[in-house]
Amino acid sequence: MRALFLSLEGIDGAGKSSHLNAIEALLRSHGRTVTRTREPGGTPLAEALRELILQKPMDPLTESLLVFAARRDHILQVIEPALARGEVVLCDRFTDATFAYQGAGRGFDTQVLATLERWAQARPGSGELLQPDITLWFDLPPEIAAARLADARAPDKFEAQSTAFFRRVASGYAKRAAADPGRFIHIDANRSKEEVWEQVADALAQRGLTP
Ligand code: TMP
């Protein structure tokens, strides 16, 4: 079966993580082998960097460099090998999050991010840019996400940001989605969990993942 790279994106509190188990189970029930992973993270080195990125204050360039360093290790150790085995890589966030959080949220130079993206995501051998094949974008108004997060555990550095920050992050996602409409699938996350799941399952079926 064809290898597939599937990423999930959205602002904190958008509810994407609560659907990961169901997506993995659905794909497995259709005979797919799934490598489930996340960013920042997915390898011992990248998980160590994740702790720093999520907890320590730092300037946006430092943050972007660490995010891409973690990503490079993750790609080489986990993502490319799984794709080479013909698996589905199910990844909780990828580079769209960097453009949304560091680019739009923090206001960091997106040209620099695009350069780092080309460097970090050059595929071994061909040098082509590695991108997800499909990105499920869980879109939720930041005010509603903030209300959901208010009930959550102790917030990390990003979860503790203002609603204004998340408005910018959401607009960053919208811009990335508009630039690559063939890859992004818009999920209206401002619905009940069941209705959100229906949209996810329909989208996967439409893309031929669950025939
Ligand atoms: P998570 O809580 O969904 O696991 O995501 C970790 C946090 O890291 C989330 O607040 C978004 C943030 N993040 C970035 O700022 N840049 C990135 O490139 C990625 C992948 C995540």
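Predicted model, so just to flag it, every value in this text is computed and none were measured. Counting convention: from 1, in listed order, for ligands and their atoms alike.
- Pairs passing the side chain to side chain donor-acceptor pair (under 3.5 Å) check and including a residue from residues 195-211, sequence neighbours excluded, read Ser192-Glu195.
- For the pair Arg28 (side chain) and Val34 (backbone), a donor-acceptor distance under 3.5 Å is present.
- Partners of Arg118 under the salt bridge (Lys or Arg N to Asp or Glu O under 4.0 Å) rule, at least two apart in sequence or in another chain, do not exist in this structure.
- By the ring-ring contact (aromatic ring centres under 6.0 Å, His included) test, Phe165 is found to be paired with no residue, residues two or more places apart in sequence or in another chain being considered.
- Taken together through direct or relayed side-chain contacts under 4.5 Å among Ile, Leu, Val, Met, Phe, Trp and Tyr, Leu65 and Tyr101 form parts of separate hydrophobic clusters.
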In a simple table, one pair per line, please give the protein and ligand 1 atom names for every N or O pair closer than 3.5 Å, along with the distance.
unit_1   : atom_1 : unit_2 : atom_2 : d
ligand 1 : 3 (O)  : Lys16  : NZ     : 3.1
ligand 1 : 3 (O)  : Arg93  : NE     : 2.7
ligand 1 : 3 (O)  : Arg93  : NH2    : 3.3
ligand 1 : 4 (O)  : Arg50  : NH1    : 3.4
ligand 1 : 4 (O)  : Arg50  : NH2    : 2.8
ligand 1 : 5 (O)  : Arg93  : NE     : 3.0
ligand 1 : 10 (O) : Asp12  : OD1    : 3.1
ligand 1 : 10 (O) : Asp12  : OD2    : 2.8
ligand 1 : 15 (O) : Gln102 : OE1    : 3.4
ligand 1 : 15 (O) : Gln102 : NE2    : 2.9
ligand 1 : 16 (N) : Gln102 : OE1    : 2.8
ligand 1 : 18 (O) : Arg71  : NH2    : 3.2
ligand 1 : 18 (O) : Thr98  : N      : 3.3
ligand 1 : 18 (O) : Thr98  : OG1    : 2.6

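- Checked for salt-bridge contact, Glu47 and Arg38 meet the test: a charged N lies under 4.0 Å from a carboxylate O.
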